[in-house]
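The block underneath contains the structure these notes are about, expressed in structure tokens.
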Amino acid sequence: MNTNSNAYTVIYTTLVVVVVAAVLAFTAMKLKPSQEANAKAETLRQMMAAAQIKPTDELYATNNAGVLQLYADNIEKAYTIGLDGQENGTPSTEKASIELVDNLKPQNKAIKAGGEATLPVYVFKNGYTVIPVYGAGLWGPVWGYIAFQPDCKTIAGAYFDHESETPGLGAKIKDEAWFREKFVGKTVAFGGETLFNLGKNAEEAGATNAVDAISGATMTSKGLNEALNVWFKAYESHLGNGAADCCQDGEHDCEHCENHKAEEE
């Protein structure tokens with residue numbers, strides 16, 4: 001075959017493209033299990049950081065297998081609810097078959113559309129209940145996990161992440177521990193007009209359901225504020241009436257619930 005002909009060029013190019021595509025497809029297939037394992041471990045780290053299971057730096061120093069074991073050892077129960085607040089699923093919490101609702105974008109769309117949603121609730125043995133939040137920041141998605149004390153309205157911990165927010169500004173929602181710590185002890189005003197307020201000078205009025213926005217990160221803060229309120233509203237029918245309060249089911253033996261029972265007696 002004439003190597004200078006158009007036919008040769010087309011055939012050669014086609015073969016190269018086919019070979020490269022096959023190599024890429026094979027590589028992607030081989031890497032997929034590792035990628036999925038890393039994504040699962042990352043979600044669990046963020047969730048357990050919010051639930052105060054271990055300090056964030058220790059969680060990120062723990063390998064994937066250790067993270068799975070830590071979750072299995074500390075989770076009390078996991079279930080999913082619909083927008084009506086009723087349970088509609090029970091994800092596995094066994095180490096070998098841990099199930100998570102970690103693709104939050106479709107759930108965010110379902111919440112806004114008032115459609116069929118599958119919203120996860122994770123209750124840990126320390127008495128904290130964890131839910132996710134998800135929304136749009138300045139340059140891409142922002143998300144996080146909020147842990148509630150057993151009263152289901154007081155925040156026990158928080159962890160936030162993002163896809164592409166500006167370093168040194170919007171990225172502080174993940175990078176700065178002081179920002180996450182500002183949420184601890186705050187409350188969500190379920191049943192109120194404003195469930196939560198992450199905004200400029202939001203704490204000035206002394207409201208317990210408010211945290212000051214990050215200076216210089218207006219759009220990221222607005223996006224996170226919307227995410228918090230959209231998802232808190234979605235969980236309101238469940239958390240707002242204490243449905244997830246472990247002190248009410250009589251089956252939990254965390255320190256908080258023991259104290260709660262003593263107070264009632």
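Heavy-atom basis, side chains included; hydrogens, waters and symmetry copies ignored. The first residue in the sequence is number 1, and the count goes up from there.
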Hey, what do you get for CD1 (Ile53) to CD (Glu58), rounding to the nearest 0.5 Å? 12.0 Å
Show every donor-acceptor pair shorter than 3.5 Å between a side-chain atom in residues 221-228 and any protein atom, with sequence neighbours excluded, or say none if there are none.
residue: Ser221; atom: OG; partner: Ile214; partner atom: N; Å: 3.3
residue: Ser221; atom: OG; partner: Ala217; partner atom: O; Å: 2.9
residue: Asn225; atom: OD1; partner: Leu198; partner atom: N; Å: 2.8
residue: Asn225; atom: OD1; partner: Asn229; partner atom: ND2; Å: 3.3

Over all atoms of both residues, closest heavy-atom pair of Thr90 and Glu99: O-OE1, 4.3 Å
Side chain to side chain contact (heavy atoms under 4.5 Å, CB included) between Ile111 and Tyr134: does it pass, once the steps are laid out? CA-CA 11 Å; Ile111 291 171; Tyr134 181 94; over 6 Å; no
For residues Gln149 and Ile155, report the shortest heavy-atom separation together with the two atoms involved. NE2-O, 4.3 Å
Any non-hydrogen side-chain atom of Leu59 less than 4.5 Å from a side-chain atom of Leu70? yes
Checking Thr194 against Asn197: is there a side-chain donor and acceptor pair closer than 3.5 Å? no
Go through Leu44 and Leu68 one step at a time and tell me if the side chain to side chain contact (heavy atoms under 4.5 Å, CB included) criterion holds. CA-CA 8 Å; Leu44 293 175; Leu68 297 181; 3.5 Å; yes
Are side-chain N/O atoms of Thr187 and Thr208 paired as donor and acceptor at under 3.5 Å? yes
Donor on one side chain, acceptor on other, Tyr128 and Glu76, under 3.5 Å: no
Using only atom types and a distance under 3.5 Å, with no angle test, would you say the side chain of Asn63 pairs donor to acceptor with the backbone of Gly66? yes
Side chain to side chain contact (heavy atoms under 4.5 Å, CB included) for Gln46 and Thr56? Distances and angles first, verdict last. CA-CA 8 Å; Gln46 296 182 5; Thr56 302; over 6 Å; no
Classify the side-chain pair Gln69/Asp73 by whether it contains a donor and acceptor separated by less than 3.5 Å. yes
Inspect the surroundings of CD in Glu116 and state if more than 12 heavy atoms from other residues, nucleotides or ligands are less than 6.0 Å away. no
Just wondering, do Val121 and Thr129 contact through their side chains at under 4.5 Å, heavy atoms? yes
Closest heavy-atom contact between Ala210 and Ala202? CB-O, 3.4 Å
Rounded to the nearest 0.5 angstrom, the CE-CZ distance for Met48 and Phe124 is 6.5 Å
Mind checking whether Tyr235 and Tyr159 sit in one hydrophobic cluster, side chains of I, L, V, M, F, W, Y counted as touching below 4.5 Å? no
Which atom names give the shortest non-hydrogen contact between Leu119 and Ala234, and what distance separates them? CD1-CB, 3.8 Å
For Trp143 and Asn108, test the side chains for any donor-to-acceptor distance below 3.5 angstrom and give the result as yes or no. no
What about Leu169 and Val142, same hydrophobic cluster or not, with Ile/Leu/Val/Met/Phe/Trp/Tyr joined at side-chain heavy-atom distances under 4.5 Å? no
If you count the non-hydrogen atoms of other residues, nucleotides and ligands that lie under 6.0 Å from NZ in Lys186, is the total more than 12? yes
Contact summary for His162 and Ser164, nearest pair of heavy atoms: ND1-N, 3.4 Å
Following the transitive rule for hydrophobic clusters with a side-chain heavy-atom cut-off under 4.5 Å over Ile, Leu, Val, Met, Phe, Trp and Tyr, establish whether Ile173 and Leu138 coincide in one cluster. no
Single-linkage hydrophobic cluster Tyr79~Trp231, side-chain heavy atoms < 4.5 angstrom: yes
Is any side-chain heavy atom of Leu100 closer than 4.5 Å to one of Met47? yes
Heavy-atom check, side chain of Val188 versus side chain of Phe148, under 4.5 Å: yes
Worked check of side chain to side chain contact (heavy atoms under 4.5 Å, CB included) between Thr80 and Glu87: CA-CA 6 Å; Thr80 59; Glu87 294 188 26; over 6 Å; no
Flag if over 12 foreign heavy atoms under 6.0 Å of NZ, Lys233: no
The complete set of salt bridge (charged side-chain N to carboxylate O under 4.0 Å, His left out) pairs with one or both residues in residues 171-183, sequence neighbours excluded, reads Asp161-Lys174, Lys182-Glu203
Nearest heavy-atom contact between Arg45 and Thr62 is NH2-O, 2.7 Å
Could you check whether His238 and Phe190 have their ring centres less than 6.0 Å apart? no
Quick one: are Trp139 and Glu163 in side-chain contact, heavy atoms under 4.5 Å? no
Given side chains that start at C-beta, do those of Pro120 and Pro91 come closer than 4.5 Å, heavy atoms only? no
Listed by chain and number, what are the ring pair (Phe, Tyr, Trp, His ring centres under 6.0 Å) partners of Phe183, not counting sequence neighbours? Phe160, Phe179, Phe196
Between Thr118 and Asn88, is there a side-chain heavy-atom distance shorter than 4.5 Å? yes
With side chains defined as the heavy atoms from C-beta onward, is the minimum distance between Lys40 and Ile98 less than 4.5 Å? yes
Let me check something: do Val184 and Trp178 share a hydrophobic cluster, defined by ILVMFWY side-chain heavy atoms less than 4.5 Å apart, either directly or through other members? no
Ser97 and Ser92: CA distance, side-chain angles, deciding distance, side-chain hydrogen bond (donor to acceptor under 3.5 Å, both in side chains) verdict: CA-CA 6 Å; Ser97 58; Ser92 172; 2.9 Å; yes
